[in-house]
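As a basis for the values below, the full set of heavy atoms in this structure was taken, side chains included, without hydrogen atoms, waters or symmetry mates. Since this is a predicted model, take the numbers as computed values, not measurements.
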Amino acid sequence: MKNRYFITYGLLIAGLLSLWGCSSGSFTAPSGSTMTVNPSSISESISADTTHNFTVTVSDADGKPLNGAEVFITGAFAAPRTVARYQFYRDVGAVTSVNSGFSGKTDEFGNYYFSIVVPATVGGAANVFTDTIDVRSGAAFISISITLS
C-alpha cells in the first residue's frame with residue numbers, strides 16, 4: 001500500500017514538472033517598461049543596396065533588461081507589400097528574411113537584433129521613400145524613422 005502512494009505521488013510530481021518545462025518562456029513587456037532602439041533613425045541617400053542593423057533593448061520599470069520579452073516589428077513599406085521598399089531580416093547581417101509583422105525574443109541582456117536591406121532601386125527607379133518601423137512589446141512602443149532620398 002505504501003509503495004502505491006509513492007508511485008502515485010511520484011507520477012503526479014513528474015507530470016507537474018513536465019508541464020512546467022513546456023512553458024514557451026515568452027511574454028510581453030509589463031506596464032512601465034521602456035524600449036530603446038539603435039539606430040533610432042536612418043536618413044540618407046543611397047546608390048547601392050544597403051543593409052542596416054538594429055538593436056532593440058527592452059527594460060523593466062527599474063531599468064533592468066528583460067530576458068525573453070517578445071517584440072513585434074512592422075513597417076508599412078516592407079515586404080510583403082506589392083512594391084516593397086525594403087526587406088526585414090530576423091537577424092543581424094541579413095541572413096533570414098521575414099515579412100513585415102514578425103516577432104522575436106530579447107536575449108539575457110534585453111536585446112533583440114534585426115536587419116533591413118534597402119535596394120537602391122525599385123521598379124527601375126530610385127528607391128526614395130519615408131517610412132517608420134514600429135516596435136512593440138506589451139505597452140512599450142518605439143518607432144524608427146526612415147528617410148531615403
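- When every heavy atom of Val95 is checked against every heavy atom of Tyr89, the shortest pair comes out as N-CD2, 3.7 Å.
- No side-chain heavy atom of Arg85 sits less than 4.5 Å from a side-chain heavy atom of Val128.
- Between the side chain of Asp107 and the backbone N or O of Phe109, at least one donor-acceptor pair lies under 3.5 Å.
- There is no path of hydrophobic side-chain contacts, each under 4.5 Å, that joins Val92 to Ile144.
- Not counting sequence neighbours, the partners of Phe72 by the side chain to side chain contact (heavy atoms under 4.5 Å, CB included) test are Thr74, Ser103.
- Counting only N and O atoms by type, the side chains of Tyr86 and Asp131 include a donor and acceptor under 3.5 Å apart.
- Between Ile146 and Phe129 there is a side-chain heavy-atom pair separated by less than 4.5 Å.
- A 4.5 Å side-chain heavy-atom check between Arg136 and Thr28 finds every atom pair outside the cut-off.
- For the side chain to side chain contact (heavy atoms under 4.5 Å, CB included) with Leu66, the qualifying choice from Ser137, Ser33, Ser59 is Ser33, the only one to do so.
- No option in Ile42, Leu148, Asp49 other than Leu148 meets the side chain to side chain contact (heavy atoms under 4.5 Å, CB included) test with Val118.
- With hydrogens and angles left out, the side-chain atoms of Thr57 and Asn111 include a donor and acceptor closer than 3.5 Å.
- Cluster partners of Val122, using a side-chain heavy-atom cutoff of under 4.5 Å among ILVMFWY residues and allowing indirect links, are Val83.
- Here the closest heavy-atom approach between residue Pro119 and residue Val117 is recorded as CD-O, 3.7 Å.
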Just do the side-chain contact (heavy atoms from CB on, under 4.5 Å) check on Phe114 and Val71 with the steps written out, would you? CA-CA 11 Å; Phe114 71 97; Val71 295; over 6 Å; no
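- The two atoms that bring Pro80 and Ser100 nearest to each other are CD-N, 3.8 Å, heavy atoms only.
- With sequence neighbours left out, the side chain to side chain contact (heavy atoms under 4.5 Å, CB included) criterion links Arg90 to Thr96, Val98, Phe102, Tyr112.
- Residue pairs meeting the side chain to side chain donor-acceptor pair (under 3.5 Å) criterion with at least one member in residues 138-149, sequence neighbours excluded: Asp134-Ser143.
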Apply side-chain contact (heavy atoms from CB on, under 4.5 Å) to the pair Tyr113 and Val56, showing each step before the final yes or no. CA-CA 6 Å; Tyr113 306 94; Val56 176; over 6 Å; no
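- Atom OG of Ser97 and atom CD1 of Ile116 lie 14.0 Å apart (nearest 0.5 Å).
- The side chain to side chain donor-acceptor pair (under 3.5 Å) contacts involving residues 114-124 comprise Asn53-Ser115, where partners must be two or more places apart or lie in separate chains.
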Please walk me through it: do Asn99 and Gln87 pass side-chain contact (heavy atoms from CB on, under 4.5 Å)? CA-CA 7 Å; Asn99 287 334; Gln87 175 69 56; 4.2 Å; yes
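- Every residue two or more places apart in sequence or in another chain was checked for a side chain to side chain contact (heavy atoms under 4.5 Å, CB included) with Pro65, and none qualifies.
- Taking hydrophobic clusters as Ile, Leu, Val, Met, Phe, Trp and Tyr residues chained together by side-chain heavy-atom distances below 4.5 Å, Phe27 shares a cluster with Val135.
- For the atom pair Ile133 CD1 and Ser41 OG, the distance stands at 11.0 Å (nearest 0.5 Å).
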